[in-house]
Number of protein chains: 2
Amino acid sequence: MRVNTPVDFGLMIRQARRARGMTQQELARAAAVGRQWIVAIEAGKPRAELGKVLQTLAALDLSLSIHGKGIPEVRESEDPIEVIDLQAVLDAHRRTSP
Amino acid sequence: MRVNTPVDFGLMIRQARRARGMTQQELARAAAVGRQWIVAIEAGKPRAELGKVLQTLAALDLSLSIHGKGIPEVRESEDPIEVIDLQAVLDAHRRTSP
DNA sequence: TCACAATGTAGGCGAACGGCGACAATTCAT
DNA sequence: ATGAATTGTCGCCGTTCGCCTACATTGTGA
């Protein structure tokens, strides 16, 4: 889902936290932040620091993607998809089951 | 592309800015932040405030998406995806590169 | 309904923010 | 090679952060 504002982040974090049955206290510990910081970010605090936001998303096993002109779809270092020689697979299949 | 750390944000912002032929000064004005703030965020400052980061992405016409368990794929109000006639695209491709 | 957990709020504290101006360093075109 | 544009760094300053403790509020289950 797209996130455009700090309020969006708050809603998403709260939703994901609840989906995992976590309390604010638990999430705070998992993300290494104070409990009131969770309260604040879930309320959409715009001046929250970026690093803690990312820590929190990670603690919730959420991932962020960025899109737009000039941004490649994937990074080299990102887990590459397996390369398959479709032709070879098909050939092999034809040989075994004609 | 996935972004996991503040450094990732910095790289993406710089890349998008250059892809648009903008100077740090111009981006700073467009995002309503100081020029030194752009310097800092592009360097990966972890304690930058969330709101300004989002302003900057908006100024670059970049969009953020969040994914994970408990997060719906799209929001009701989100702009619908373009409908593509795959068959037509494939037909055209076959004609140009048989 | 009642008690307890979960969540939201307030004040105090040291630390860091981000804007600004000024200056160095780097990049780039001519 | 040289000069301008772009980018990076420094210090000052008022503001805000985020953590903490403690207390108010809301929610939830027995």
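Note: hydrogens, waters and symmetry copies are ignored here, and every other heavy atom, side chains too, is used. Below, read A as the first sequence line, B as the second, and so on, with proteins coming before strands; counting in each chain starts at 1.
For Arg14(A), a side-chain nitrogen or oxygen approaches OP1 or OP2 of dG8(C) to under 4.0 Å. Contact annotation: Arg17(B) side-chain N/O to dT6(D) OP1/OP2 distance is not under 4.0 Å. The side chain of Thr23(A) contributes an N or O atom lying less than 4.0 Å from OP1 or OP2 of dT7(C). When the side-chain nitrogen and oxygen atoms of Lys45(A) are compared with OP1 and OP2 of dC17(D), one or more of them lie within a distance under 4.0 Å. Within the structure, a side-chain polar atom (N or O) of Lys52(B) is placed less than 4.0 Å from OP1 or OP2 of dG19(C). One finds no side-chain N or O of Arg47(A) lying less than 4.0 angstrom from the OP1 or OP2 phosphate oxygen of dA16(C). For Gln24(A) and dG8(C), the shortest distance from a side-chain N or O to OP1 or OP2 is below 4.0 Å.
His67(B) is listed as a side-chain neighbour of Ser65(A), based on a closest heavy-atom distance under 4.5 Å.
Rounded to whole Å, the distance from CE on Met22(B) to P on dA5(D) is 18 Å. Distance Glu42(A) CD to dT9(C) P: 12 Å, rounded to the nearest Å. In this structure, Arg29(B) atom CZ and dT6(D) atom C1' are separated by 16 Å, rounded to whole Å. Rounded to an integer number of Å, the gap from CD1 of Ile41(B) to P of dT7(D) is 16 Å. Between the CG atom of Leu27(A) and the P atom of dG18(D) there is a distance of 15 Å, rounded to whole Å. If you take CD of Glu49(B) and C1' of dT16(D), they are 9 Å apart, rounded to a whole angstrom. The distance between atom CD of Gln25(A) and atom C1' of dG8(C), rounded to the nearest whole Å, is 14 Å. As a whole-Å value, the separation of Ile38(B) CD1 from dC17(C) P is 16 Å.
Within 4.0 Å (heavy atoms only), Ala48(A) reaches sugar-phosphate atoms of the nucleic acid but no base atom.
Set against dG8(D), dG18(C), dT9(C), the side chain of Val39(A) has dT9(C) as its closest nucleotide. Checking dT7(D), dC20(C), dG18(D) against the side-chain heavy atoms of Gln36(B) singles out dC20(C) as nearest. Picking from dC19(D), dT7(D), dG18(D) the nucleotide with the shortest atom distance to the side chain of Val33(A) gives dC19(D).
Contact annotation: side chain of Arg35(B) to base of dG21(C), donor-acceptor pair absent below 3.5 Å.
Side-chain atoms of Thr5(B) come within 3.5 Å of backbone atoms of Asp8(B) as a donor-acceptor pair (strictly under, hydrogens ignored). Counting only distance, with no hydrogens or angles, the side chain of Arg20(A) and the backbone of Ala16(A) share a donor-acceptor pair below 3.5 Å.
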Inset, instruction - Kindly indicate, with the supporting measurements, whether the criterion side chain to side chain contact (heavy atoms under 4.5 Å, CB included) is fulfilled by Leu64(B) and Phe9(B). - result: CA-CA 11 Å; Leu64(B) 265 188; Phe9(B) 271 95; 4.3 Å; yes

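We find that Glu42(B) and Arg17(B) are joined by a salt bridge, their nearest charged nitrogen and carboxylate oxygen being less than 4.0 Å apart.
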